[in-house]
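On a predicted model such as this, the values are computed, not experimentally measured, just so you know. Any value given below was found using the heavy atoms of this structure, including those in side chains, with hydrogens, waters and symmetry copies removed.
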Amino acid sequence: MNLITSLTANIPDIAFPNLGIYLENVPDSIYVFGFRIAFYGIIIAIGMLVGYTLVEWQAKRTGQNPDLYLDASFLVIPLAIVGARIYYVIFRWEEYKDNILSVFNLRNGGLGIYGGILVALVVCILFAKHKKIKLGLFLDTACISLVSGQVIGRWGNFFNREAFGGFAGDGLFAMQLPWDVAVKHMSSASAAELLPLVENGTILVHPTFLYESMWNLVLTIIILAYTKKKKFDGELVSIYMAGYGIGRFWIESLRTDQLLLWGTGIPVSMVVAAGMVIAGVGYIAVNRWKLRKTA
């Protein structure tokens, strides 16, 4: 018992007081044979597994060969992780420039989803071209693995006490964190803004990781339900782009740890999100117009 106490004594609590949820000593990792395994990585891995399971099912229900997606996953997954890490490091270079080896340490988080999406898109395009399969259909099927994986993957941020928003006050989903933990995952400007709102050493913040997880769950259901009703190949991935972009634009506006465009105060994720909405809606509008024209 003393050993367990010593291992958990300095682990901070997480609470959702307005929901009556109080979680004591929530760890961010487990130890196996003395080796630390972060829950962040475990959650990401589970998200990938669930994502692939869904994409395999989606391929079968649309009459495709699921083995194609298994082959693609061996390329897409590792390269997307690399892309996500590079994206994050690029916009947080000040944190890594003096310790290059820390770039390779993913245990404490630090993945930019847009970097992963961009790399995954490029790899999928090249894979579809190499296999001589329809790119639109391939992306429509593959996107379900991405959005469903994000539903689960965002909970890695929960265990790391990161990816949260500003002061939530009496909000139903307000998340309570110790101030000395929360301040490590926010910009100096956000810290200065929230400091006067600290009570009893804790701060109530928006759990934006939860908002994004729930948003992506709804988007996953919409895409699966609309699969058999789509009008053209590429429509589902366009719905993902537009839907995710809309949600992320709003959610990103709440974040206290935004990645900013160099030399500006502009959140890069909001810019990319807006671009995704324009691209997704634009592609749907153009193809719908073409269908009406030929009808």
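Going from atom OH of Y96 over to atom CD1 of I90 covers 12.0 Å, rounded to the nearest 0.5 Å. Here OG1 of T53 is found 13.0 Å from CE of M48. Values are rounded to the nearest 0.5 Å. Expressed to the nearest 0.5 Å, how far CG of L260 lies from CH2 of W262 amounts to 11.5 Å. The distance from atom OG of S188 to atom CD of E193, rounded to the nearest 0.5 Å, is 11.5 Å. Here SG of C143 is found 8.0 Å from OH of Y240. Values are rounded to the nearest 0.5 Å. Separation of atoms CG (L49) and CD1 (I44) is listed at 13.0 Å; rounding is to 0.5 Å.
Through chains of ILVMFWY side-chain contacts below 4.5 Å, V237 is grouped with L121, I125, L135, L139. Counting side-chain heavy-atom gaps under 4.5 Å among Ile, Leu, Val, Met, Phe, Trp and Tyr, the cluster of V122 also holds L126.
Between Y87 and F91, the distance from one ring center to the other falls under 6.0 angstrom. Taking the six-membered ring for Trp and the full ring otherwise, Y69 and F138 have centroids separated by under 6.0 Å. The ring of W250 has its center closer than 6.0 angstrom to the ring center of Y211.
Put simply, the side chain of L261 reaches to within 4.5 Å of the side chain of V271, judged on heavy atoms. F167 places none of its side-chain heavy atoms less than 4.5 Å from the side chain of H206. Contact annotation: the side chain of S238 approaches that of Y283 to within less than 4.5 Å [non-hydrogen atoms, C-beta and beyond]. No side-chain heavy atom of I77 sits less than 4.5 Å from a side-chain heavy atom of Y52. The closest side-chain heavy-atom distance from V198 to L195 is below 4.5 Å. Using a 4.5 Å heavy-atom threshold, the side chains of W289 and L291 count as separate. Here the side chains of D257 and F164 are not in contact, with every heavy-atom distance at 4.5 Å or above. Contact annotation: the side chain of I42 approaches that of I37 to within less than 4.5 Å [non-hydrogen atoms, C-beta and beyond].
Using a 4.0 Å cut-off between charged nitrogen and carboxylate oxygen, K134 and D140 do not count as a salt-bridge pair. Ion pairing between E162 and K184 fails under the 4.0 Å rule for side-chain N and carboxylate O. Between E252 and R248 there is a salt bridge, with a side-chain nitrogen of the basic residue lying less than 4.0 Å from a carboxylate oxygen of the acidic one.
Annotation for A182 and I203: closest pair CB-CG2, 3.9 Å, computed over non-hydrogen atoms. Nearest heavy atom pair, residue G156 against residue I43, reads N-CG2, 3.5 Å. The heavy-atom pair separating N18 from L172 by the smallest distance is CB-O, 3.5 Å. L219 and Y244 get closest at one heavy-atom pair: CD2-N, 3.5 Å. Smallest separation of non-hydrogen atoms from P17 and Q176: CD-CB, 4.0 Å. The two residues I144 and T141 come nearest to each other via the heavy atoms CG2-O, 3.1 Å.
A donor-acceptor contact under 3.5 angstrom links the side chains of E235 and Y226, judged on distance only. In this structure, a donor-acceptor pair under 3.5 Å is absent between the side chains of S187 and Q258.
Side-chain atoms of R85 come within 3.5 Å of backbone N or O of V103 as a donor-acceptor pair. A donor-acceptor contact shorter than 3.5 Å links the side chain of R161 to the backbone of P12. With hydrogens and angles ignored, the 3.5 Å screen pairs a side-chain donor or acceptor of N65 with a backbone N or O of D67. Distance alone, capped at 3.5 Å, places no donor-acceptor pair between the R61 side chain and the A59 backbone. Looking only at distances, a side-chain donor or acceptor of S73 sits under 3.5 Å from a matching main-chain atom of L70. A donor-acceptor pair is defined here as one N or O able to donate and one able to accept, closer than 3.5 Å; no such pair exists between the side chain of S29 and the backbone of F39. Side chain of W215 to main chain of L210: no donor-acceptor pair is present (N/O by atom type, distance under 3.5 Å, no hydrogens or angles). Between the side chain of D13 and the backbone N or O of N25, at least one donor-acceptor pair lies under 3.5 Å. Proximity of a side-chain donor or acceptor of T227 to a complementary backbone N or O of I223 within less than 3.5 Å is detected.
The ring pair (Phe, Tyr, Trp, His ring centres under 6.0 Å) check on F158 picks up W155, F209, with sequence neighbours excluded. For V281, the side chain to side chain contact (heavy atoms under 4.5 Å, CB included) test picks out A242, V277, with sequence neighbours left out. In this view, S148 and L54, T220 satisfy the side chain to side chain contact (heavy atoms under 4.5 Å, CB included) rule, not counting sequence neighbours. For R154, the salt bridge (charged side-chain N to carboxylate O under 4.0 Å, His left out) test picks out E212, with sequence neighbours left out.
Applying the 6.0 Å contact sphere to CZ of F249 captures no more than 12 heavy atoms from other residues, nucleotides or ligands. In the displayed structure, N200 atom CG is contacted under 6.0 Å by at most 12 heavy atoms of other residues, nucleotides or ligands.
With hydrophobic clusters built from ILVMFWY side chains whose heavy atoms lie under 4.5 angstrom apart, V181 does not share a cluster with L204. The hydrophobic cluster containing M270 does not contain I113, counting ILVMFWY residues as joined when their side-chain heavy atoms lie under 4.5 angstrom apart, directly or transitively. If you chain together hydrophobic residues whose side chains sit under 4.5 Å apart, W179 and L197 fall into the same group. Following chains of ILVMFWY side-chain contacts shorter than 4.5 Å, one can reach L75 starting from L68, so the two form part of one hydrophobic cluster. Note on V123: it does not cluster hydrophobically with L137, by side-chain heavy-atom contacts below 4.5 Å among ILVMFWY residues.
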Report task. Test side chain to side chain contact (heavy atoms under 4.5 Å, CB included) on F127 and V76 and set out the steps. Result -> CA-CA 9 Å; F127 183 85; V76 173; over 6 Å; no

Requested in this report: Go through the steps to decide whether L177 and I14 satisfy the test side chain to side chain contact (heavy atoms under 4.5 Å, CB included), and finish with yes or no.
Outcome: CA-CA 6 Å; L177 293 173; I14 300 176; 4.0 Å; yes

